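What follows is a single structure, written as C-alpha cells, with notes after it.
All chains are named by letter (A, B, ...) in the order of the sequence lines, taking the proteins before the strands, and each is independently numbered beginning at 1. Not measured: the values here are computed from a predicted model.
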2 protein chains.
Amino acid sequence: MWVVVCYDVNTETREGRRRLRRVAQICKNYGQRVQKSVFECQVDEMKFEQLRKKLLKEIKLELDNLRLYRLTEPREKRVEQYGAVRTVFFDEETLVV
Amino acid sequence: MWVVVCYDVNTETREGRRRLRRVAQICKNYGQRVQKSVFECQVDEMKFEQLRKKLLKEIKLELDNLRLYRLTEPREKRVEQYGAVRTVFFDEETLVV
C-alpha cells in the first residue's frame with residue numbers, strides 16, 4: 001500500500017532540529033522523499049506498523065504534528081505532481097553535529 | 001471528495017516568500033490547514049479544478065513543488081493524525097508588506 005507521511009516538526013530549538021533530522025532519516029528508510037517534509041512510502045501492513053512506531057517514538061506530540069495518509073491503489077489515480085523535486089534538503093545540508 | 005494539498009515553495013528569495021504566502025492564502029479559501037504546508041480540502045470536482053488552476057498560476061514550476069492527493073471516502077479510514085496542530089503559522093506571523 002502507499003502511505004504519504006507528512007510531518008511538521010517544531011525546529012525552534014536545537015533538540016527540535018535534531019528531531020527533524022531523525023524523522024527524515026526514519027522516513028528515508030521506508031520511502032521516497034517528495035517534498036521537504038513529505039515522503040511517499042510503499043509498505044505492507046507490517047512495515048507501516050514499524051514506521052508509525054518509530055515516528056511516534058521520535059516526535060514530541062505537544063510540539064510536532066504527524067499525518068499519515070493511506071492512498072488507495074492505483075497510486076497514479078490519487079497523486080498529481082507539479083514542479084521541481086529537490087534532491088538536497090535543509091536537514092541534509094545542515095547535518096552537522 | 002477530500003484532497004490533501006502539499007506544497008514546497010522555495011523561499012530563498014523575497015519573491016519566493018511572497019509566493020508561499022499567496023499559496024497558503026489560496027488553500028485557506030478551500031480547506032483546513034493541518035500543517036505548515038499541508039491543507040485538507042473537501043471539494044467537488046469543480047472546486048478542485050479551480051483550486052488546482054489557482055495554485056498552478058501561483059507556483060513556479062522550476063522552483064516549487066506541489067502535490068495533490070485525492071483521498072477515497074471515508075476520510076477517517078485514510079488519515080491518521082498525531083500531535084499538536086498549530087494555529088499560527090510562519091507565513092501568517094510575518095505578514096508584513
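B:K60 does not touch chain A: none of its heavy atoms, backbone or side chain, sits under 4.5 Å away. The parts of B:V79 that come within reach of chain A are both its backbone and its side chain, each placing non-hydrogen atoms under 4.5 angstrom from that chain. Heavy atoms closer than 4.5 Å to chain A are found in the side chain of B:L56, but not in its backbone. Contact of B:E62 with chain A is made through the backbone alone, with heavy-atom distances under 4.5 Å.
Between the side chains of B:E40 and A:Y69, at least one donor N or O sits under 3.5 Å from an acceptor N or O.
Here the straight-line distance linking atom NZ of B:K36 with atom OG1 of A:T11 works out to 5.5 Å at 0.5 Å rounding. The structure places OG1 of A:T72 at 8.0 Å from CG of B:L71, a figure rounded to the nearest 0.5 Å.
A:Y82 has its side chain out of reach of B:L55: every pair of non-hydrogen atoms, C-beta onward, lies at least 4.5 Å apart.
Considering only heavy-atom pairs separated by less than 4.5 Å from chain A, the leading option among B:V38, B:I59, B:V4 is B:V4. Between chain B and the residues A:R52, A:E80, A:R75, A:R70, the largest count of heavy-atom pairs under 4.5 Å involves A:E80.
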Side chain to side chain contact (heavy atoms under 4.5 Å, CB included) evaluation trace for A:V85 with B:R67: CA-CA 10 Å; A:V85 176; B:R67 299 181 94 81; 4.3 Å; yes
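Taking hydrophobic clusters as Ile, Leu, Val, Met, Phe, Trp and Tyr residues chained together by side-chain heavy-atom distances below 4.5 Å, A:V23 does not share a cluster with A:L63.
If you run side-chain hydrogen bond (donor to acceptor under 3.5 Å, both in side chains) between B:Q35 and each of A:D8, A:D64, A:N65, only A:N65 comes through.
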